J.: 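Can you keep this structure in mind? I'll have questions shortly.
These numbers come from a predicted model, not from an experiment. Naming convention: chains lettered A, B, ... in sequence-line order (proteins, then strands); numbering from 1 in each chain.
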Amino acid sequence: MLEKAYDPAGTEDRIYAMWESSGAFRADAKSEKESFTVSMPPPNATGQLHLGHAVMLALEDIFIRFNRMRGKEVLWVPGTDHAAIATENVVIKQIQKEEKIPNPRAKLGREELIRRIAEFVERSRDTIRSQVRKMGSSCDWSRERYTLEPALNRLVNEVFVSMYRDGLIYRGHRIVNWDPKLQTTVSDDEIVYEERKDPFYTFQYGPFQIGTSRPETKFGDKYVVMHPEDERYAKYKHGDTFTAEWINGPIKATIIKDKAVDPTFGTGVMTITPWHDTVDFELAERQDLDKEQIIGFDGKLLPIAGEFEGMRIEEARPKIVSKLEKKGLLVKIDEGYIHNVALSQRGKGLIEPQIKEQWFIDVNKRVVQWKRRELSLKEVMQEVVKTGLIKIIPERFEKEYFHWIDNLRDWCISRQIWWGHRVPVWYKKSESAVDTHVGVTPPEGNGWEQDPDTLDTWFSSALWTWSTLVDTKLTEDTSLSLQDLLLQSPDFMKFHPTDVLETGYDIIFFWVARMVLMTTYVTGSIAELEYGQVPFETVYLHGLIRTRDGRKMSKSDPDTMIDPLDMIGKYGADALRLSMIVGQSPGNDSRLYEEKIAGYRNFVNKLWNASRFVLMQCDQAKVDPHTIAPSDMKPKSLADHALLYELLSVRSDVTDAIATYRLSEAGERLYSFVWDFFCDWYLELSKGEVNIPFLVNALREILQLIHSYCPFVTEELWSHVKYNEFGMLIQHPWPLPISKGHGEEREAFQVLIDVVTTVRRMRSDYGVEQAKTIALILHSQKYEDVLASQKEHILRLTKADQWTLTAKPEKHQNAASTFLPGVEVHIPLEGLLDLAKEKASAEEERDRLKTYKKGIEGKLKNKAFVENAPTAVVDQEREKLASTEEKLKKIEERLKMLK
RNA sequence: GGGUGGUUAGCUCAGUUGGUCUAGAGCGUCUGGUUUACACCCAGAAGGUCACAGGUUCGACUCCUGUACCACCCACCA
């Protein structure tokens, strides 16, 4: 016999091991079945699983389990991400701290550092693997991949080379976000802005006054820019020159007119520093102006600064200001200037814009093949969502997606770090020039040196949906083209495109958009793939999990963190999964706290105990549940019919809801069905005369329907109640949704439900403890048989000794009886009934009904409604009106009597 | 500055093309309960003018406009 309470800790690992060793997770590329594929967003190979991962795993596991049960060939590919900068930073910090090496890069060298990081990653990946298992994820471990493995490196190189040949990847001098602290470029998306209050200086520059918060960049300024229509400066012509006294002596300046200048800001005049400012850089490009570097990559001033050369910015700034002041060029200082400062998301170092030679992906060049047309990457990305090839849930993120693409600039893909896919480009310096080789493999011959940069981590992640499906062995054959690699990989041909990509909305731009970009580019020219595949057909974006008071959970604030593994240990993975999914809607943030998880633990326990009850019934009747065939599910009592009806209705609701990604709705439906209907109503009612075969089969179906939400407890219970010939629940077929029938039966058992409910309510309302006799007053003959057949039930549930069935309305009718259309319930209260109380409640009821009736009448008076609304709706309204009028009449009669 | 979303019971949130919602759930609160599965339970109750102001409609939590407050995203101004 089962224990009194479910023990997740003692169950989950055992069940998971059973699933895994049975091969239930493994997909078969040769299967005839329709495929259903999900690529797991690879967690960073650093550190621990957090709630973001947990919610992702729970959602994806539901999609996967549901579709597996529905008879699809499912594949869920797990993996980890090398997470370039993040990982390198973690390891460097570790070495700095533990080995007291201030600059590990310089001290250890490239090879050694990479070796150390790889070692660290190997350990972390083991942790991640076991944590993903703890969540119950039914992914195919035999296909686990890693973004930095050799096979994927081959594909990364193939894509790079191909894009280079198409002219989509180019090397150029561009302004980049330089992090002097980490000595690397940082992408726009990895920058955070912080509001700072700094002094704002106004200097005299020739005849103009210019403002700046960064005097240290002003050494090389030799252009003065103003708006062409600014009348204050109309006398100065574009291209005019003048000489101005400046920091290190006189300087020859040129006047430039450009619309980028805001005439209302400051004096409406500015000087520019193209090397260290994005806007200035663009202006300089447009106007074809000189650019000069002022600050070195180490963050120190260059020789152009004269006496200030070699100084750090913080040190130089006050000195520069005071020098200008001495020269009489300082007009004023405004101390309260509030502006945003760019900081690196990782390490919080100050970002210094610099011009650097970097690798870029051109998003505007129209050379991408897509459905036999030539588009730019930008256009393809827009096209696939516009035409519905990709759907985003919730829909509003499609708007944000388009908005993001509209503002998209060329993607800088090179990084000055060591951990990652190295740029597959080699240089050979000779006296006269530099030879360049761009290739999947290194060039022949001596003297070649590989580009030191690595690729943005999102470059390899962007290939994830298909790179993980390419056969590893094939990638060792260098004679195969990228196209061959795809077309000859059975997994790719069977499982791509993937069905749904599930991830947090916070990385829609980092990752989702870039997967679209890469995949459409790579597949667009392949005829066998109908000239293009998208990486996924549906994007499901979940919200962030926040703390109880709505804050973000952050590592720096451990008190706010809920560790999913702690929660699993305490309440079980099933409870954690439910608590993150039920009551959550896609794209919206949600709050999680322990009581919530405990609530779902209670639910899991409820399910456990309901099953325990069923097993006890079997035990008492000396029936082995394993021998009860599914075909034995024959309803006997009205309660059975009621349950059957509800079950069919739940089945179709839940199937529909999950298939359309409304997981919360399906979860809630199951929750209240199991608890309120099955346990509190049906099981209570069936005590005393149990229809065991029916009950066992009903429980089996419940377990099937809810398995994807709480896989562990259901699989465990399944082993106790399943039919001998069945296998594990994880592979059991999903119950076929059947359209609802049972109209008359439904009506009949509804009467039963209502009678019992009404009697209970009346007892509570009037504080009647023991009514020995209850009277059921029938307004309609047709319920007589129904009620008679359930006499025993009714007496037991109403705690009455006997009853009377009366066909006519009697004197002492009760307000509460209006709940029943065909039957009224009357408990003779032997003078206890408080007439005044009843009257008040009847009056209240009458007023409510009157208002309601008015509403319906208004509706039916409206021609537009009657003519245009579906006839079913109109009929419904007429019925409502009729029944309301009837109720009103009854109440008014009763009120007369009470007088 | 540009954009998106939210504002529903004490708390956390559902509410799918406007009409079975005369607004729901969980938690919390209160009342009652040793009913042969479960106190991680059972039976009930209280609690909301669905942010505010207009509009469209026979009818609005649901659609439109505006306001306030709260989030988030993007850009970043010398």
J.: W404(A) side chain N/O closer than 4.0 Å to the phosphate oxygens (OP1, OP2) of U4(B)?
T.: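 It does not, given that no N or O in the side chain of W404(A) lies less than 4.0 Å from OP1 or OP2 of U4(B).
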J.: Closer than 4.0 Å, any side-chain N/O of K399(A) to the OP1 or OP2 of C73(B)?
T.: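 Result: no.
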J.: Output the single nucleotide from G2(B), G26(B), C41(B) whose closest atom is nearest the side chain of W675(A).
T.: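 Of the candidates, C41(B) comes closest.
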J.: Can a side chain N or O of R601(A) be found less than 4.0 Å away from OP1 or OP2 on C40(B)?
T.: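 No, R601(A) has no side-chain N/O under 4.0 Å of OP1/OP2 on C40(B).
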J.: Please, what dot-bracket string fits RNA chain B when only Watson-Crick and G-U pairs with both distances under 3.5 Å count, crossing ones use [ ] and pairs to another strand use |?
T.: (((((((..((((.....[....)))).(((((.......))))).....(((((..]....))))))))))))....
J.: Using a strict threshold of under 4.0 Å (side-chain N to carboxylate O), is an ion pair present between E398(A) and K391(A)?
T.: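 Here K391(A) does not pair with E398(A) in a salt bridge, since their nearest N and O are not under 4.0 Å apart.
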J.: Within less than 4.0 Å of OP1 or OP2 of C40(B), is there a side-chain N or O belonging to K4(A)?
T.: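 No, no such contact exists.
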J.: How would you label the contact of S585(A) with the nucleic acid (heavy atoms, under 4.0 Å): base, sugar-phosphate, or nothing?
T.: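 Sugar-phosphate contact only - S585(A) comes under 4.0 Å of backbone atoms but never of a base.
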J.: Between S590(A) and F678(A), who's closer to the 5' end of RNA chain B by nearest nucleotide?
T.: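 Final value for this comparison: S590(A).
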J.: Would you indicate, yes or no, if A25(B) has its OP1 or OP2 atom less than 4.0 angstrom from a side-chain nitrogen or oxygen of K596(A)?
T.: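 Result: no.
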J.: Between Q584(A) and S664(A), is there a side-chain donor-acceptor contact under 3.5 Å, judged purely by atom types and distance?
T.: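 Not at all, the side chains of S664(A) and Q584(A) share no donor-acceptor pair under 3.5 Å.
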J.: Rounded to the nearest Å, what distance is computed from the CZ atom of residue R662(A) to the P atom of nucleotide U16(B)?
T.: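 In whole Å, U16(B) P lies 10 Å from R662(A) CZ.
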J.: Measure up the Y671(A) and F603(A) rings against each other and bin them: parallel (under 30°), tilted (30 to 60°), perpendicular (over 60°).
T.: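 Rings of Y671(A) and F603(A): parallel, as their planes differ by under 30°.
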J.: Relative to the 5' end of RNA chain B, which residue comes earlier, R546(A) or R396(A), by the nucleotide with the nearest heavy atom?
T.: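 Closer to the 5' end of RNA chain B: R396(A).
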J.: Identify which one of V696(A), L703(A), I702(A) satisfies the side chain to side chain contact (heavy atoms under 4.5 Å, CB included) criterion when paired with R700(A).
T.: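 Filter result, single survivor: V696(A).
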J.: Is any side-chain nitrogen or oxygen of N588(A) closer than 4.0 Å to OP1 or OP2 of C13(B)?
T.: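 So the side-chain polar atoms of N588(A) never come under 4.0 Å of the phosphate oxygens OP1 or OP2 of C13(B).
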J.: Select base, sugar-phosphate, or nothing to describe what F200(A) touches, counting heavy atoms under 4.0 Å on all strands.
T.: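 Sugar-phosphate: the residue F200(A), judged by heavy atoms under 4.0 Å, touches backbone atoms but no base.
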J.: Under 6.0 Å between the ring centres of F509(A) and Y401(A)?
T.: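 Between Y401(A) and F509(A), which both carry aromatic rings, the centre distance is not below 6.0 Å.
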